[in-house]
Amino acid sequence: MTAMNKDQLYQQLAAQAKSLVDGVDNVVGALGNIAALLKEELPYYFWVGFYVVKDGRLQLGPFQGLVACYSIEKGRGVCGTAWDKAQTLVVPDVHQFPGHIACSSRSNSEIVVPVIHGGEVVAVIDVDSEDFGAFDEEDKRGLEEIARIVAPLFAAGY
């Protein structure tokens with residue numbers, strides 16, 4: 001997949017994501033559909049889902065893939081670090097990331113994008129791949145747009 005094709009695909013996915021959340025008040029269902037959309041359309045995604053900030057931790061939300069960790073502390077692993085720094089993290093080799101939480105030994109690279117609403121991180125989008133170095137700047141931009149699209153779902157809480 002070329003960068004041009006990937007950018008175009010993410011633009012299409014953003015339009016689909018928007019249609020899946022516009023006017024929807026079922027946060028769990030909407031996030032589930034977004035996770036399914038991304039998993040189905042991006043073949044190098046091994047696992048994709050949301051961790052939602054609740055009770056001072058990231059709690060497992062809707063996802064597509066193998067079983068996952070239930071909760072993650074702030075600053076721990078790739079997800080907890082992205083939450084703590086409120087910034088996207090692209091990790092080409094998770095085995096080199098200090099404190100990586102291995103929910104699956106099949107995961108080799110990861111991207112985590114914070115979902116920000118009202119100036120606070122309310123969730124993260126977590127994507128794993130079996131391939132090393134699977135995620136790049138196009139994935140970062142595309143997933144950050146998806147994060148902006150889903151952020152208003154958290155206006156009333158999760």
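Only a predicted model underlies this, so the values are computations on that prediction, with no experimental measurement involved. In what follows, residues are counted from 1 in the order of the sequence shown.
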Could you list the donor-acceptor pairs under 3.5 angstrom formed between side-chain atoms of residues 59-84 and any protein atom two or more places apart in sequence or on another chain?
unit_1	atom_1	unit_2	atom_2	d
Ser71	OG	Arg57	NE	3.1
Ser71	OG	Arg57	NH2	3.0
Thr81	OG1	Gly75	O	3.4
Thr81	OG1	Gly77	O	2.6

Stepwise, does the side-chain contact (heavy atoms from CB on, under 4.5 Å) test hold for Leu143 with Thr88? CA-CA 9 Å; Leu143 287 170; Thr88 299; over 6 Å; no
For [X] against [Y], the heavy-atom pair lying closest together:
X	Y	answer
Leu9	Glu41	CD2-O, 3.8 Å
Ala86	Pro114	C-CG, 3.7 Å
Leu31	Phe50	O-CE1, 3.4 Å
Phe154	Val115	CE1-CG1, 4.1 Å

Atom pairs and distances, donor-acceptor, side-chain atoms in residues 12-28, under 3.5 Å, two or more places apart:
unit_1	atom_1	unit_2	atom_2	d
Ser19	OG	Gln16	O	2.7
Asn26	OD1	Val28	N	3.4
Asn26	OD1	Gly29	N	2.7

Using 0.5 Å steps for rounding, measure from the CG atom of Asp93 to the CD atom of Glu110. 11.5 Å
Say you draw a straight line from CD1 of Ile111 to CG of Leu89; how long is it, rounded to the nearest 0.5 Å? 9.0 Å
Can you sort out the partners of Tyr45 under side-chain hydrogen bond (donor to acceptor under 3.5 Å, both in side chains), two or more places apart, ordered by chain and number? Tyr10
What donor-acceptor contacts under 3.5 angstrom involve side-chain atoms of residues 118-132, with partners at least two apart or in another chain?
unit_1	atom_1	unit_2	atom_2	d
Asp128	OD2	Ser107	OG	3.2
Ser129	OG	Tyr44	O	2.8
Ser129	OG	Asp131	N	3.1
Glu130	OE2	Arg106	NE	2.8
Glu130	OE2	Arg106	NH2	3.0

Of all pairs that satisfy disulfide bond (SG atoms under 2.5 Å apart), the ones with a partner from [range], not counting sequence neighbours:
range	result
residues 8-41	none
residues 113-158	none
residues 118-158	none

Are side-chain heavy atoms of Asn108 and His95 found at a separation under 4.5 Å? yes
Do Val90 and Asp139 pass the side-chain contact (heavy atoms from CB on, under 4.5 Å) test, and can you show the C-alpha distance, the side-chain angles, and the key distance before you say yes or no? CA-CA 9 Å; Val90 178; Asp139 294 292; over 6 Å; no
Decide, yes or no, whether a salt bridge links Arg141 with Glu145 under the criterion of side-chain N to carboxylate O below 4.0 Å. no
Sorted by chain and residue number, the salt bridge (Lys or Arg N to Asp or Glu O under 4.0 Å) partners of Glu40 (sequence neighbours excluded) come out as none
Name all residues meeting the salt bridge (Lys or Arg N to Asp or Glu O under 4.0 Å) criterion together with Lys85; count only those two or more places apart in sequence or in a different chain, and write none if there are none. none
